[in-house]
Amino acid sequence: MEKLAQEKIELFPHKVKTTHTIFEVTEGFSSSSPEDLEKKKVRVILAGRVMSIRGMGRATFLHIAGSRSRIQAYLKEDKVGKKNYKLFSLIDIGDFVSVEGDVFKTRTGELTVFVDSYTFLAKCLHPLPEKWHGLQNVELRYRKRYLDLIMNPAERDVFRLRSAMISHIRKFFDEKGYIEVETPMMHSIPGGALARPFKTFHNALGLDLYLRIAPELYLKRLIVGGFEKVYEINRNFRNEGISSEHNPEFTMLEFYEAYSDYNDMMKLTEELIHDLSLSLLGTEKIAFMGKKISVKRPWKRIKFKEALVYYSGLAPDRFDDRSGTIELASTLAPDKKAPSYGKALDIIFDKYVKQNLVQPTFVIDFPKEVSPLAKALKENPDEAERFELVMGGMEIANAFSELSDPSEQRKRFEQQAEARKKGDEDAHLVDTDYIHALEYGLPPTGGEGIGIDRLVMIFANRKSIRDVILFPLLRPKKE
RNA sequence: GGCCCGUUAGCUCAACUGGUAGAGCAGCGGACUCUUAAUCCGCAGGCUGAAGGUUCGAGUCCUUCACGGGUCACCA
């Protein structure tokens, strides 16, 4: 540093001119023959981060990394001049530089820039992690994601895939005539899901507010308002435990379509994920945790209760006994309170069924008790027109034929409020404003939420949600 | 939040049942004009996550705490 200052070299210049990205050069010329390159005289100015330096006396090789590939550069004292060559020894691994020169191939056939001038772009003040093993420490990888991204280029691919997925999803819905909307992140009554919210406070209004647990109730107000197809991709916040499948803030895609129901949503979901698989991965078979997930349509559908019976191996009438079912749930999950029949079924479902469903499966017709925003089934008032999509053992999506009868909705909210009084902190509050909106008429509507992070996990073959979220929540480290 | 495991140099890892904390890479100095985990010679690098305890003696055993991972609980 001091030496560089003595030489009056600017350590953090404002601007750099480049002619190509490193990727353009490696893509464009890797297959060119050495003779071709010599004839064409491909002259380039490239910028990137120095990842390795191999000094050979009066010649030096280095690798410079761009965002998508790296390229070798070759420095020779004869070429850059004695003074510049000597100054180059002040460059450290990790520094940003730009190099200008012709592209050629070395004896070993590696595409290389024959440097005749170079410029410092930014100094790296810390040594980079070890070049061979890279950064392995998971805590450091999440805390200092930038280092993870520098050292483990495959991690960059995960986030490129994530970005590509989201832009494909937008395209998919836009082409179907959906409009993308943004609804409030701060709610005075948290709703739309069974979960605990984060609480905050608005000073000027003197108002308690909650970070949203779901956009659902606002999106349906928009259907009431006359939009027929809406979607939103944004963050939800749930004040719950952290695990390899849960981050307190996570990205949810929700979409609602008037004049449709949960059957239409199943078709749409199949189409969307099948599309994504073909365009992002180029296959119908996704490799996930050593297994192949086939997204070939149509996908399996199984009724919630049939799934319970099938995977638990218990007799079908076993689940008709309400108190017996609650008892079974408490033996399966002793720490868990099973306050209701519906909740108990949910527990048994999680225990027996979910992990076994690797191939995409629509589990349909959930207990109405745990589906307060879904229409009841015509043939069976205890069940709701609701499905969950399970893939790779994870719940990926949740959808229903939206309950539109305001008085029925009020009743359901009241039941929820009752459960809440009994200690179920996830239960809904009565949202009278939402009921009022329904009183103006919600047409038959299908709605769905898809957990984007988990879908990325499957597409990127990652076991932990933290691997697909750039900055997962960690406890701050005390110095 | 419960249980289990982990935390040693900037990074990746060693150190036997308690007996003087080491290596590779990175860094610094030197040699080397087609190397690629370059090579060769030399140097430096540490309150072993924190605080207590047991012991003549603790990286190692015990207790508490911090952070992380796994798992269960809550949930998507």
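Every chain is numbered from 1, with letters handed out A, B, ... down the list of sequences. All heavy atoms count here, side chains included; hydrogens, waters and symmetry mates do not.
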Classify the side-chain pair [X]/[Y] by whether it contains a donor and acceptor separated by less than 3.5 Å.
X: A:Y85; Y: A:T60; result: yes
X: A:E257; Y: A:Y178; result: yes
X: A:D467; Y: A:Y142; result: yes

Between [M] and [N] - [atom1] atom distance, rounded Å:
N: B:C62; M: B:C5; atom1: P; answer: 10 Å
N: B:A37; M: B:G22; atom1: P; answer: 31 Å
N: B:A9; M: B:U48; atom1: P; answer: 10 Å
N: B:C28; M: B:A51; atom1: P; answer: 32 Å
N: B:A15; M: B:C32; atom1: C1'; answer: 36 Å
N: B:C25; M: B:G42; atom1: P; answer: 13 Å
N: B:A14; M: B:A23; atom1: C1'; answer: 7 Å
N: B:U20; M: B:A26; atom1: P; answer: 30 Å

Quiz item: Taking A:T26 for the side chain and A:F23 for the main chain, is one N or O donor matched with an acceptor at less than 3.5 Å?
Solution: yes
Closest nucleotide among [options] to the [X] side chain:
X: A:F61; options: B:U35, B:G69, B:G27; result: B:U35
X: A:S244; options: B:A76, B:A26, B:G70; result: B:G70
X: A:Y74; options: B:C11, B:U33, B:G27; result: B:U33
X: A:Q136; options: B:A37, B:A76, B:U12; result: B:U12
X: A:T106; options: B:C34, B:A76, B:G69; result: B:C34
X: A:P127; options: B:A26, B:U33, B:A76; result: B:A26

Quiz item: Is the Lys NZ or Arg CZ of A:K300 less than 6.0 Å from the centre of A:F362's six-membered ring, within 45° of the axis?
Solution: no
Practice problem: Check whether NZ of the Lys or CZ of the Arg A:R162 lies under 6.0 Å from the centre of the six-membered ring of A:F159 and within 45 degrees of that ring's axis. | Solution: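 That pair does not qualify as a cation-pi contact.
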Who pairs with [N] - Watson-Crick or G-U, where each distance is under 3.5 Å:
N: B:G1; answer: B:C72
N: B:C61; answer: B:G53
N: B:G22; answer: B:C13
N: B:U7; answer: B:A66
N: B:A31; answer: B:U39

Can you check the [X] [atom1] to [N] [atom2] distance for me, whole Å?
X: A:K144; N: B:C67; atom1: NZ; atom2: P; answer: 17 Å
X: A:I150; N: B:G10; atom1: CD1; atom2: C1'; answer: 13 Å
X: A:I347; N: B:C72; atom1: CD1; atom2: P; answer: 15 Å
X: A:K76; N: B:U35; atom1: NZ; atom2: C1'; answer: 13 Å
X: A:F366; N: B:A76; atom1: CZ; atom2: C1'; answer: 12 Å
X: A:E240; N: B:A76; atom1: CD; atom2: C1'; answer: 8 Å
X: A:N137; N: B:U7; atom1: CG; atom2: P; answer: 11 Å
X: A:R196; N: B:A73; atom1: CZ; atom2: C1'; answer: 11 Å

Can a side chain N or O of [X] be found less than 4.0 Å away from OP1 or OP2 on [N]?
X: A:R466; N: B:G69; answer: yes
X: A:R143; N: B:G68; answer: yes
X: A:R475; N: B:C67; answer: yes
X: A:K131; N: B:G10; answer: no

Practice problem: Output yes if the stacking criterion (under 5.5 Å between centres, under 30° between planes) is met for A:F250 over the base of B:A76, else no. | Solution: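 It does: the ring sits over the base of B:A76.
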Counting any heavy atom closer than 4.0 Å, what does [X] reach on the DNA or RNA strands: base, sugar-phosphate only, or nothing?
X: A:N398; value: nothing
X: A:I396; value: nothing
X: A:N247; value: base
X: A:F104; value: base
X: A:G451; value: nothing
X: A:Q72; value: base

Quiz item: A:I465 or A:G134: which one's nearest nucleotide on RNA chain B is closer to the 5' end?
Solution: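 Result: A:G134.
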Self-check item: 5' precedence on RNA chain B between A:R107 and A:I242 (nearest-nucleotide basis)
Solution: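 Going by which nucleotide is closer to the 5' end, it is A:R107.
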Quiz item: Quick one: salt bridge (Lys or Arg N to Asp or Glu O under 4.0 Å) partners of A:E249, sequence neighbours excluded?
Solution: A:R235
Practice problem: Please assess A:Y118 against A:F88 for the test ring-ring contact (aromatic ring centres under 6.0 Å, His included), listing each intermediate value before the final yes or no. | Solution: CA-CA 9 Å; A:Y118 66 88; A:F88 189 80; 5.0 Å; yes
Quiz item: Ignoring hydrogens and angles, are the base of B:U35 and the side chain of A:E110 linked by a donor-acceptor pair under 3.5 Å?
Solution: no
Self-check item: Donor/acceptor link under 3.5 angstrom from A:D78 side chain onto base of B:U33
Solution: yes
Quiz prompt | Aromatic plane relationship, A:Y74 with A:F61 - under 30° parallel, 30 to 60° tilted, over 60° perpendicular | solution =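 Parallel: the ring planes of A:F61 and A:Y74 meet at under 30°.
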Practice problem: Could you identify which residues of residues 37-56 of chain A place a heavy atom less than 4.0 Å from some atom of RNA chain B, listed by residue number, or say none? | Solution: A:R54, A:G55, A:M56
Quiz item: Can you check side-chain hydrogen bond (donor to acceptor under 3.5 Å, both in side chains) on A:T183 and A:R221, steps first, answer last?
Solution: CA-CA 10 Å; A:T183 61; A:R221 283 174 172 99; over 6 Å; no
Quiz item: Below 4.5 Å, heavy atoms only, C-beta onward: do A:E110 and A:Q72 meet side chain to side chain?
Solution: yes
